[in-house]
Protein chains: 2
Amino acid sequence: MATVSRTLQQPERVSPKTRQKVMSAVAEVGYKPNLMAVKFRSGKTHNLVVLVPTVANVFFARVISGMQQTAAEHGYAILLANTLGNATIETDYAKMVQTSQADGLIQLRAFNPFDSSVVNGHGLYPMVNACETLEQIACPVVTLDNRRAAKAMTEHLLSLGHRRIALIKGPKDSPLTRQRLAGYQDALAQAGIDFDERLLFAGDFTLQSGHTAAQQILNQQHRPTAVFCENDETAIGAIQAFKQAGMKIPHDMSVAGFDDIAFARFCDPPLTTIAQPAEEFGRTAVTLLIDLIEQKLTKAPTVIMPYELIVRESTGPAPGFQG
Amino acid sequence: MATVSRTLQQPERVSPKTRQKVMSAVAEVGYKPNLMAVKFRSGKTHNLVVLVPTVANVFFARVISGMQQTAAEHGYAILLANTLGNATIETDYAKMVQTSQADGLIQLRAFNPFDSSVVNGHGLYPMVNACETLEQIACPVVTLDNRRAAKAMTEHLLSLGHRRIALIKGPKDSPLTRQRLAGYQDALAQAGIDFDERLLFAGDFTLQSGHTAAQQILNQQHRPTAVFCENDETAIGAIQAFKQAGMKIPHDMSVAGFDDIAFARFCDPPLTTIAQPAEEFGRTAVTLLIDLIEQKLTKAPTVIMPYELIVRESTGPAPGFQG
DNA sequence: GCTTGAAATGTAATCCGTTACATTTTAACT
DNA sequence: AGTTAAAATGTAACGGATTACATTTCAAGC
């Protein structure tokens with residue numbers, strides 16, 4: 001038994017002839033070591049739980065791709081939890097870490113799934129927060145300067161002469177939504193434009209919500225000339241509603257998104273948006289989590305990923321604007 | 001130890017006062033059973049490996065959603081493998097089943113990831129094949145009658161008077177591609193139209209490939225009046241290329257897709273397509289796999305899921321056609 | 001109070017690969 | 001050949017929850 005183990009783990013520690021014998025015996029009976037036993041004994045599962053609100057979101061799908069890749073490179077497996085943003089489901093999955101079924105957890109949403117327990121800090125439950133910033137918890141965070149990015153996009157619209165710019169928001173309880181709103185307000189303030197609450201519309205990052213919000217905009221008396229959507233799906237849904245109402249984009253209405261999902265480039269018109277390095281988000285989050293698990297991290301870093309303003313054809317000069 | 005285990009597993013087998021004592025002790029020290037130990041001892045990991053070519057594909061994302069839901073209901077966790085259709089990666093992940101790290105596997109692609117080993121049949125490696133049909137292997141399959149569905153769509157186009165219908169195919173090595181091609185040919189044959197190989201275009205289910213194929217179509221002398229794309233992404237990419245060339249859809253060109261992803265409804269124009277019950281695919285696959293694992297299956301069934309032809313606005317009568 | 005059966009609790013084996021430690025084999029050198 | 005150090009191999013403990021089986025406790029009935 002020990003010899004078999006040695007042969008498989010450190011062949012050089014075993015004489016060539018035994019090695020030969022063991023190898024052929026292994027091949028003969030088709031022996032496959034029970035890695036659960038190994039994981040159990042070592043106390044390292046090499047599993048990482050990832051809590052995703054919904055894998056059906058194209059942006060998250062890209063993040064997961066990146067995670068998967070890096071995890072595989074380090075010999076870790078991803079346990080994917082499609083939580084639908086449901087705290088109970090998230091807490092359930094977090095128990096996998098607490099019951100030694102996984103070594104750590106990545107949360108893509110701003111919610112601490114470990115009931116009251118302290119996260120890492122004093123060696124408890126390695127966790128990394130990605131995309132959204134989980135406030136109040138001292139765990140590593142991979143994020144984007146959403147506020148600055150939203151400000152940049154708003155500035156782009158302002159530079160095109162837009163003065164009434166609507167904002168279709170993301171999920172109500174998300175810090176992302178708040179941060180992007182703040183950036184939008186920053187840009188307006190800087191341009192000396194009064195913030196008008198009536199230009200704020202609810203959304204939840206789905207195509208449908210963009211469509212619905214756009215219809216509300218169409219019903220407004222004093223319509224905006226541009227709409228900044230907090231993600232691309234929302235923007236694509238909104239564009240459809242505007243087009244159905246007979247509007248020309250961007251001639252009658254500029255629309256901007258956020259994320260730069262694959263569909264953004266293939267819309268009609270192609271969408272002006274903020275590109276986020278989605279795969280890199282995933283890769284970084286996994287790297288941080290593994291470092292945390294393997295105690296290579298002394299403190300909880302916050303990694304700010306770069307964004308890029310991608311100007312395509314869905315945004316144009318405001319009616320009557322002379323660039 | 002035994003008493004603790006009993007208290008937690010079958011409280012009625014323990015006297016009320018010990019139960020009380022154990023419970024408070026458990027609460028006190030925050031005892032969490034090591035489920036790896038349980039899994040190791042029981043030989044049941046309650047993990048399922050799922051091989052997905054790419055989670056970034058919206059259709060697969062929906063399938064995964066369904067899987068996740070059903071798996072969770074049965075107390076199983078999904079280990080997600082983003083394989084990029086790479087046989088080596090798939091084989092690596094399949095090893096998780098062979099090394100007792102997972103109880104079974106779902107493959108979404110037509111490739112047997114278990115080297116030469118027999119799959120189930122004689123108790124080896126529970127596996128279920130979903131979406132694409134893995135020929136030559138006797139394992140449960142969840143699929144769609146792709147041939148009939150493709151025929152139905154082609155008939156729809158024929159009924160609109162189209163006689164030259166192009167087909168943008170899926171990945172070359174996929175049975176899906178072959179089956180949908182066969183259905184397309186069935187419909188043509190039935191309508192007494194000669195099959196023209198020059199109307200076949202390569203694709204790989206990405207937006208980009210649809211765009212590229214559409215450009216090739218535009219360069220053809222004797223252009224088709226309709227294009228049937230083997231999935232929605234391809235169709236959306238194609239529509240963009242046609243529109244960029246100044247064509248009106250469906251006036252100058254009808255375009256049809258396959259899958260009915262969320263974006264299909266929010267395209268311009270909304271896409272005529274075949275709806276597949278994606279989530280249900282995932283749910284069924286997981287149910288079958290769990291049944292297989294728990295030996296409730298005597299033979300390997302083939303489940304054919306229903307499809308639905310969804311006619312939207314991207315298909316219309318052929319030029320000069322009188323309905 | 002004692003017997004008897006049931007209920008409660010304790011003990012120890014088990015799952016399987018790893019690894020510290022013990023023992024045996026091998027090779028080298030006097 | 002004999003000694004010795006090194007190399008190879010064997011032995012057994014370990015991890016933690018479960019569970020068959022053994023033992024103890026308890027209550028009921030005479």
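Model, not experiment: these values are computed from the prediction. A note on names: the letters A, B, ... follow the listed sequences, proteins ahead of strands, and every chain is numbered from 1.
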Taking only the side-chain heavy atoms of [X] (C-beta and beyond), determine which of [options] contains the nearest atom.
{"X": "A/Ala37", "options": "D/dA8, C/dT18, C/dC16", "answer": "C/dC16"}
{"X": "A/Arg41", "options": "D/dT9, C/dT11, C/dG17", "answer": "C/dG17"}
{"X": "B/Arg13", "options": "D/dA8, D/dT18, C/dT9", "answer": "C/dT9"}
{"X": "A/Phe40", "options": "C/dA8, D/dG16, D/dT18", "answer": "D/dG16"}
{"X": "B/Ala2", "options": "C/dT9, D/dA17, C/dG10", "answer": "C/dG10"}
{"X": "B/Thr3", "options": "C/dT9, C/dG17, D/dG10", "answer": "C/dT9"}

Contact under 4.0 Å: [X] side-chain N or O vs [N] OP1/OP2:
{"X": "A/Ser15", "N": "D/dT9", "result": "yes"}
{"X": "A/Gln9", "N": "C/dT18", "result": "yes"}
{"X": "A/Ser42", "N": "C/dT18", "result": "no"}
{"X": "A/Tyr31", "N": "C/dC16", "result": "no"}

Write down the distance between [atom1] ([X]) and [atom2] ([N]), rounded to a whole number of angstrom.
{"X": "B/Lys44", "N": "C/dC16", "atom1": "NZ", "atom2": "P", "answer": "13 Å"}
{"X": "A/Lys17", "N": "D/dA7", "atom1": "NZ", "atom2": "C1'", "answer": "12 Å"}
{"X": "A/Glu12", "N": "D/dA7", "atom1": "CD", "atom2": "C1'", "answer": "13 Å"}
{"X": "B/Met36", "N": "D/dG15", "atom1": "CE", "atom2": "C1'", "answer": "12 Å"}
{"X": "B/Leu35", "N": "D/dG15", "atom1": "CG", "atom2": "C1'", "answer": "15 Å"}
{"X": "B/Leu8", "N": "D/dT19", "atom1": "CG", "atom2": "P", "answer": "13 Å"}
{"X": "A/Asn34", "N": "D/dG15", "atom1": "CG", "atom2": "C1'", "answer": "14 Å"}
{"X": "B/Lys21", "N": "C/dT9", "atom1": "NZ", "atom2": "P", "answer": "8 Å"}

Single hit among B/Asn86, B/Thr83, B/Leu51, B/Thr91 for side-chain contact (heavy atoms from CB on, under 4.5 Å) with B/Phe111: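 The residue from B/Asn86, B/Thr83, B/Leu51, B/Thr91 that satisfies side-chain contact (heavy atoms from CB on, under 4.5 Å) with B/Phe111 turns out to be B/Thr91.
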5' precedence on DNA chain C between B/Pro16 and A/Pro33 (nearest-nucleotide basis):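 With B/Pro16 and A/Pro33 compared, the 5'-side residue is B/Pro16.
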Exercise: do A/Asn129 and A/Gln107 side chains pair donor with acceptor under 3.5 Å: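 Looking only at side-chain atoms, A/Gln107 and A/Asn129 do not form any donor-acceptor pair under 3.5 Å.
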Test item: side-chain donor near acceptor, A/Lys95 and A/Gln101, under 3.5 Å: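 No.
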Polar side-chain contact B/Arg6-C/dG10 base: donor and acceptor under 3.5 Å: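 Answer is yes: a donor-acceptor pair is held.
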Touch class at under 4.0 angstrom, heavy-atom based, for B/Val4 against every strand present: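 If one applies the 4.0 Å heavy-atom cut-off, B/Val4 turns out to touch nothing in the nucleic acid.
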Charged N-O contact under 4.0 Å between A/Arg180 and A/Glu230: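 No.
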Ion pair A/Glu132/A/Arg109, N-O distance below 4.0 Å: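 Judged by the 4.0 Å cut-off on N to carboxylate O distance, A/Glu132 and A/Arg109 do not form a salt bridge.
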Geometric class of the B/His46/B/Tyr76 ring pair [parallel <30°, tilted 30-60°, perpendicular >60°]: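 Rings of B/Tyr76 and B/His46: tilted, as their planes differ by 30° to 60°.
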